Amino acid sequence: MTSLTGRSFLKELDFTPDEWRSLLDLAAQLKQERRDGVEQQRLLGRTIALIFEKSSSRTRSAFEVAAAHQGAHTTYFDPTGSHIRGKESIVDTALLFGRMFDAIEYRGFGQDTVEQLAEHSGVPVWNGLTDEWHPTQTLADQLTIREWVDKPLDEVTIAYLGDARNNVGNSVLAAGALMGMDVRMVAPTQLHNTDEVVAQARAVAEQTGARITLTDDVAAGVAGADVIYTDVWVSMGEPKEVWTERINLLTPYQVNAAVMDATGNPDVIAMHCLPAYHDRNTTVGEEVYQLTGMEALEITDEVFQAQREVIFDQAENRMHTIKAVMVATLARN
Ligand code: CP
Ligand code: NVA
C-alpha cells in the first residue's frame, strides 16, 4: 500500500483508486478496533487547527471526536473569531498555522483556499467542505454502502438526485468514478456537473470501469439503482433568493416513495449527507412550508424515517473515515 503520510486531502481526484480504497479499508479497521475496545492512539500529542468559515454539526464533531480518540488536540476557529481573511490573508494564515499546528482542517468557500493552505503551510490540509468538493463525505458514504449493500462497490449503482453540481454532487461523481461504480447524476440539465468535472470523472472511469450517466429523466436514472442519494437544494453560501427557482426546478427530483419504487429494487437504500429538510421542524423547513405548502423538500419524511438507520450510520461514519484520513496522513510510521 502506498503511504499517504504527509499528504493533504483536498479532493477525491488527487488520489488513485488504490489510495482511496486504502482509506476505506483503514476506516473499517479503525471502526472495528474502537468497537472491540482495542483502539491505539496514533496521533498522541499532535495539534490540529479546525477552520470553519461555514457552519457544521457533523464534520466538526467528527474531527474533534476522532482527534480525541487518537490523542490529538484540536483548536476550533469559528467563522468570526479569528483574523483569518479579515485582517490576515489565507497565505499568511497558512504560514502562521504551519508553525503552530501539525495539520489543518478547512471548511469554507473556494477550493483555492484549501489549495493555498496546503501549498503554504507545509503540513497536511484536510478539506472539510468547499463550494466545489466534499471528499470526507464521500469516504463516509462509501464505507456506509460497503456496510449496507451486499456487493463490491464496482457492482453498485448509485443515483444522485438534486443539485448535481454542488460540492456533494461533484464528490459523489468523482468518488464513484474512482471506485468503478455505476453513477447516475439525475438533475435538470442546468444543474448538471460542469463539463470540466464530468471530463475528469470520465478520465478516471476509463481506468476503473465506472459507468457515468447524466440525465434529467428520473425514471431512467433510478432504474435498477442500489442507492438513491440526495442533498439540500440550496447549499451554504448561496443567496436566499435562489430558493424559489431551485424548488421549482428540483421538486420533480424529490426522493419519495415513488422514486424508491421506480428503482425496481426492493433492497434499495436512500442516503443523505445531512442536514435534511424532511419535515417542518427546522426554521428553513417551516419558512418554505409557509411559502409553498411543501412539508418536505429533497426527501420526504416517509422515506427519511424508513431509511433512518442507513442515514445515521452514514453520519457516524463521518467520524471513522475522518479518523482514517487523519491517521493515514499524520501518524508517524
Ligand atoms: N454532512 C455534513 O457535512 O454535515 P455538517 O454540515 O453538519 O458538517
Ligand atoms: N451541499 C451542502 C452540503 C452540506 C453538508 C452545502 O454545501 O450546504
Side-chain angles (χ1 to χ4, degrees), residues 9-12 27 50-67 74 76-79 105-111 113-114 126-145 160-175 185-187 191-194 197 229-243 246-247 249-250 253-255 270-278 281-285 288 297-299 304 307-308 310-323 325-326:
F9 185 81
L10 304 184
K11 62 181 194 294
E12 289 85 351
L50 303 177
I51 306 173
F52 281 80
E53 295 197 289
K54 290 177 178 168
S55 316
S56 169
S57 296
R58 272 146 293 276
T59 308
R60 178 183 175 185
S61 313
F63 273 101
E64 293 200 6
V65 171
T74 54
Y76 173 68
F77 296 89
D78 74 13
E105 179 276 351
Y106 172 82
R107 162 172 288 201
F109 299 93
Q111 185 71 8
T113 303
V114 270
W126 305 314
N127 178 355
L129 178 147
T130 57
D131 290 340
E132 293 90 341
W133 304 102
H134 196 6
T136 61
Q137 180 66 54
T138 46
L139 263 189
D141 300 341
Q142 292 189 345
L143 180 63
T144 312
I145 295 169
Y160 176 100
L161 275 66
D163 181 11
R165 37 137 239 181
N166 75 14
N167 38 24
V168 173
N170 287 338
S171 278
V172 165
L173 176 57
M185 303 307 293
V186 187
L191 298 181
H192 279 160
N193 314 77
T194 62
V197 167
Y229 195 113
T230 191
D231 180 18
V232 290
W233 290 345
V234 176
S235 287
M236 292 183 279
E238 293 197 283
K240 241 184 148 183
E241 290 68 49
V242 301
W243 266 110
R246 211 55 70 67
I247 289 171
L249 277 172
L250 285 173
Y253 298 83
Q254 181 189 61
V255 174
M271 298 182 74
H272 194 307
C273 55
L274 299 179
Y277 295 121
H278 59 93
N281 297 327
T282 60
T283 317
V284 174
V288 171
L297 295 177
E298 71 274 7
I299 184 167
F304 188 87
Q307 298 289 323
R308 204 162 56 169
V310 177
I311 292 170
F312 284 91
D313 274 359
Q314 188 184 357
E316 178 190 325
N317 282 338
R318 297 297 307 290
M319 194 275 288
H320 303 294
T321 44
I322 280 173
K323 189 185 285 177
V325 171
M326 295 198 297

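Quick note: numbers below take in every heavy atom, side chains included, and nothing from hydrogens, waters or symmetry partners. Every value quoted in this text rests on a predicted model; they were computed, and no experiment measured them. Order of appearance sets the numbers: ligands from 1, and atoms from 1 within every ligand.
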Check your understanding: Do the side chains of S171 and E12 get nearer than 4.5 Å, heavy atoms only?
Key -> yes
Point to revise | Test item, D131 contacting ligand 2 (heavy atom, 4.0 angstrom) | key: no
Point to revise | Distance (rounded to the nearest 0.5 Å) between Y229 OH and Y160 OH | key: 7.5 Å
Practice item. May I ask you to identify the nearest protein heavy atom to atom 4 (C) of ligand 2, giving residue, atom name and distance to one decimal place in Å? Key: L129 CD1, 3.9 Å
Point to revise | Residue N166 vicinity, atoms of ligand 2 by number, heavy atom under 4.0 Å | key: 1 (N)
**Study point:** Donor on one side chain, acceptor on other, R318 and T136, under 3.5 Å
**Key:** yes
Review point. If you count the atoms of ligand 2 from 1 in the order shown, which ones are under 4.0 Å from a heavy atom of S235?
Key: 1 (N), 2 (C), 6 (C), 7 (O), 8 (O)
Check your understanding: Identify the closest protein heavy atom to atom 5 (C) of ligand 2: which residue and atom is it, and at what distance?
Key -> L274 O, 3.6 Å
Practice item. List the steps and the verdict of side-chain contact (heavy atoms from CB on, under 4.5 Å) for M326 and F63. Key: CA-CA 9 Å; M326 295 198 297; F63 273 101; 3.8 Å; yes
Practice item. Give the intermediate values and the outcome of side-chain contact (heavy atoms from CB on, under 4.5 Å) for residues K11 and E132. Key: CA-CA 9 Å; K11 62 181 194 294; E132 293 90 341; over 6 Å; no
Review point. For N167, is at least one N or O under 3.5 Å away from an N or O on ligand 2?
Key: yes
Review point. Which atom pair, heavy atoms only, marks the closest approach of A276 to I299?
Key: CB-CG2, 4.3 Å
Revision key, fill the gap. The protein heavy atom nearest to atom 8 (O) of ligand 2 is M236 N, 2.8 Å
**Study point:** CA sep, side-chain torsions, deciding dist, call: H278, H272, side-chain contact (heavy atoms from CB on, under 4.5 Å)
**Key:** CA-CA 11 Å; H278 59 93; H272 194 307; over 6 Å; no
Review point. Is it the side chain, the backbone, both or neither of V232 that has a heavy atom closer than 4.0 Å to ligand 2?
Key: side chain
Revision key, fill the gap. Using heavy atoms and a strict 4.0 Å limit, residues surrounding ligand 1 turn out to be S56, S57, R58, T59, R107, H134, Q137, C273, L274, R318
**Study point:** Close side-chain approach of T130 to Y106, heavy-atom, < 4.5 Å
**Key:** yes
Exercise for review: Kindly indicate, with the supporting measurements, whether the criterion side-chain contact (heavy atoms from CB on, under 4.5 Å) is fulfilled by T59 and L129.
Suggested key: CA-CA 9 Å; T59 308; L129 178 147; 5.9 Å; no
Check your understanding: Does the side chain of D131 come under 3.5 Å of the side chain of Q111 through a donor N or O and an acceptor N or O?
Key -> no
